[in-house]
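Structure, as structure tokens:
All values below were derived from every heavy atom in this structure, side-chain atoms included, with hydrogens, water molecules and symmetry-related copies excluded. Numbers restart at 1 for each chain; the letters A, B, ... are given by sequence-line order, proteins then strands.
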2 protein chains.
Amino acid sequence: MPQKRVTSLDVAKRAGVSRTTVSFVLNKTSHQQISPETVLRVQQAAEELGYVPDESARALVSRRAQSIGLIFSRPTVRISSDIFLNQVVVGLLDVVHANQMRLLLDVVEDLDEKNTYVNLVKSRRVDGIILNGPRFDEQALDYLAENDFPTVIMGSLPQSHFCSVDVDNVAAARTAVEHLIHLGHRQIACITNAQAPFTAAIHRLTGYRQALENAGLPYSADQVRFGNFDPQSGYTQMKSLLAGPVRPTAVFVASDVVAYGAISAIHEHGLSIPGDIALVGFDDVPMSNFISPSLTTIRLPATELAVKAGELLLDLIQGKPQEPCQVLLPTELIIRQSCGGKPS
Amino acid sequence: MPQKRVTSLDVAKRAGVSRTTVSFVLNKTSHQQISPETVLRVQQAAEELGYVPDESARALVSRRAQSIGLIFSRPTVRISSDIFLNQVVVGLLDVVHANQMRLLLDVVEDLDEKNTYVNLVKSRRVDGIILNGPRFDEQALDYLAENDFPTVIMGSLPQSHFCSVDVDNVAAARTAVEHLIHLGHRQIACITNAQAPFTAAIHRLTGYRQALENAGLPYSADQVRFGNFDPQSGYTQMKSLLAGPVRPTAVFVASDVVAYGAISAIHEHGLSIPGDIALVGFDDVPMSNFISPSLTTIRLPATELAVKAGELLLDLIQGKPQEPCQVLLPTELIIRQSCGGKPS
DNA sequence: TTGAAAGCGTTACCAG
DNA sequence: CTGGTAACGCTTTCAA
């Protein structure tokens, strides 16, 4: 007989009070004044019995699931090598812990209408949702918007009125490419972090283009490739770039992890970094300081973004008026060895 | 007025039937025979109204939370750079999706008694638990054992009777070190993947020791360091190893990510890999094929482990008799460049 | 074949 | 200050 449940009634009996009183004590419902000794008796009884309230029952009546959903908007395969996500989880875990809540994790695959986060919302399993890495074609969000369900976007979705937390991807990418330009590079290629539907990919690409154009350099689609979250895609796209008619002297890879693959392809081609080709990444994931060559990159405050998103969401859930709702956190160019800006 | 909830009663009214019928239709309770046209009418009504049952209510009465908990037994900081976890999440997500369940993520920090998974269990938030990376001092598990709550350990916990899914860490580590020995190395150091309380760390260390002893080589604690899940620890411990009196010609690093740090330290010391020092890792995370030098390592079937763990857990939850409950999956030595076993 | 009614364990209102 | 009692939305037994 597993799970001999302890209910609030058991606690009540043991403490010689009613269920109501137990509830008041355990929830610190201070409206009602309860004698200190009763409080103690109840607490003791609860302690002895190892009583923990049933969350389903509590959720049913309080209309609070006491948990939030973290949704990754991408196929599961694209999660396997994206270390960036770990930092998001860590940040969110901290926030939910601080608020006695729980974290539910899910994924929405390409345009998968069946298993969307809308179900999560409608079934009241979560009190709010954080959508990570939105795509332009995000459609299920409309429902959330109409019902103004507590939602925070991690990333940017133009023309949406959701609360969001992000960095200025355009500016950050521009900074990365400008660094390359200042170093004297003129033939600069770009491998994005993800496919086109992902907003961050387009924004970083835009930054790349702006930097080129500001410097009077031509932008050519021939020098652009789309990565796909993992090193393999970086490897493949870099190969493709190297097979082209003009070899770039520098590459801006809009994701560190994708850059690892690009580095491998460059080495395999017998070229050196930064000697033959300079490289700037994006994200500054924990390994980037340790690989060879160490990667010059844009630091993204991943955990802070997550924490901010979590806090914003909790405010939303608690109905706190939250107006300046599009938060941008700063990025930073971290100069290491991969573009020769620093002694090797 | 956010969230104008649609209840089963609304559906019933619209379909011109009772709540009972709605429930029967939607849950395919085939015990009762319902006329096909009624079924259709109900389904249509539910569809039109966008009805999704309230999970709290359902959980309360059915005593099923329809979700499982994935618990990482380590401080959150130790999650940030462990890409291995992503694969676990991916595998589990697949399993829960296939079973209309959800995945709840949590962490238990060092000996943190307050916020343990026991609460998760007692509050009925999850129907079962997967504990990833157990420590020897895991104490909260006792409660689960006593109440035989559905639990699967990812990793090994000696003397426990829980279902578990793991690889043979001892044998795998032995294989890795034997590879080094066959290559002619005699002075082989070891950096573990984690601190001593983590069972996997000790098991891999044991494999290292066995390989040495089988080959008649002396085991010396001087040649052993404890990593801590991240590249930084690998870097630090490798520095410490290099500062010692005897320089190893090979190092077995029981985690790829930790190995990245070790590689960096070796390079910084002006030594080459595999020329001066050969390296074998453990895990075969997605980047290891792309870094320089590419890492010879033990492939751990991470996703498969997770899937197996998830399936085992679901069987347990559904009360299916599950006797051969300690599953070991095979590992494989992947030879790349970091120990010179393969042309560079 | 369908419907009425009784809970599931909690919170919260309203008397005592 | 404390204790009945009515919800919360669903499933399920039992009648009709």
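The phosphate of D/dC10 (OP1 or OP2) has a side-chain N or O of B/S8 nearer than 4.0 angstrom. Contact between the side-chain N/O atoms of B/Y51 and the OP1/OP2 oxygens of D/dC10 is found at a separation under 4.0 Å.
Each of B/V61 and B/V17 lies near DNA chain C, and the nucleotide nearest B/V17 is the one positioned closer to the 5' end. Mapping B/T21 and B/L60 onto DNA chain D by nearest heavy atom places B/L60 closer to the 5' end of the strand.
Summarising the geometry, the separation between CZ on A/R63 and P on C/dA12 is reported as 12 Å, rounded to the nearest angstrom. Between B/R19 atom CZ and C/dA4 atom P the separation is 9 Å, expressed in whole Å. The NZ-P distance, from A/K13 to D/dG3, rounds to 14 Å in whole Å. The nearest whole Å value for the distance from the CG atom in B/D10 to the C1' atom in D/dC10 is 13 Å. One can place CD of B/Q66 at 20 Å from P of C/dC8, the figure rounded to the nearest angstrom. Computed from coordinates, the A/R58 CZ to D/dC10 P distance equals 21 Å when rounded to whole Å. Rounding to whole angstrom units, CZ of residue B/R41 and C1' of C/dT2 are separated by 11 Å. If you measure from atom CZ of B/R125 to atom P of C/dT10, you get 14 Å, rounded to the nearest angstrom.
Residue B/S56 is classed as having no contact, given no heavy-atom separation below 4.0 Å to the nucleic acid. Residue A/S62 is classed as having no contact, given no heavy-atom separation below 4.0 Å to the nucleic acid.
Judged by distance alone, with hydrogens and angles left aside, B/S18 brings no side-chain donor or acceptor close enough to the base of C/dA4 to form a pair under 3.5 Å. Looking at A/T20, its side chain comes within 3.5 Å of the base of C/dA12 through a donor and an acceptor atom.
Classification of B/R14 and B/E48 as a salt-bridged pair holds, one side-chain N sitting under 4.0 Å from a carboxylate O. Comment: A/R5 does not engage A/D10 in a salt bridge, judged by the lack of any side-chain N to carboxylate O separation of less than 4.0 angstrom.
Scanning all heavy atoms of the two residues, the minimum distance from A/G91 to A/T303 falls at CA-CG2, 3.7 Å.
The A/F24 side chain lies nearest to D/dT2 when the options are D/dT5, D/dT2, D/dC10. When each of C/dT11, C/dG9, D/dT2 is scored by its nearest atom to the side-chain atoms of A/D54, the top-ranked nucleotide is C/dG9.
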Report task. Walk me through it: do B/I130 and B/L92 pass the test side chain to side chain contact (heavy atoms under 4.5 Å, CB included)? Result -> CA-CA 10 Å; B/I130 292 181; B/L92 241 30; 3.7 Å; yes

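Centroid-to-centroid, the aromatic rings of B/F229 and B/F198 come within less than 6.0 Å.
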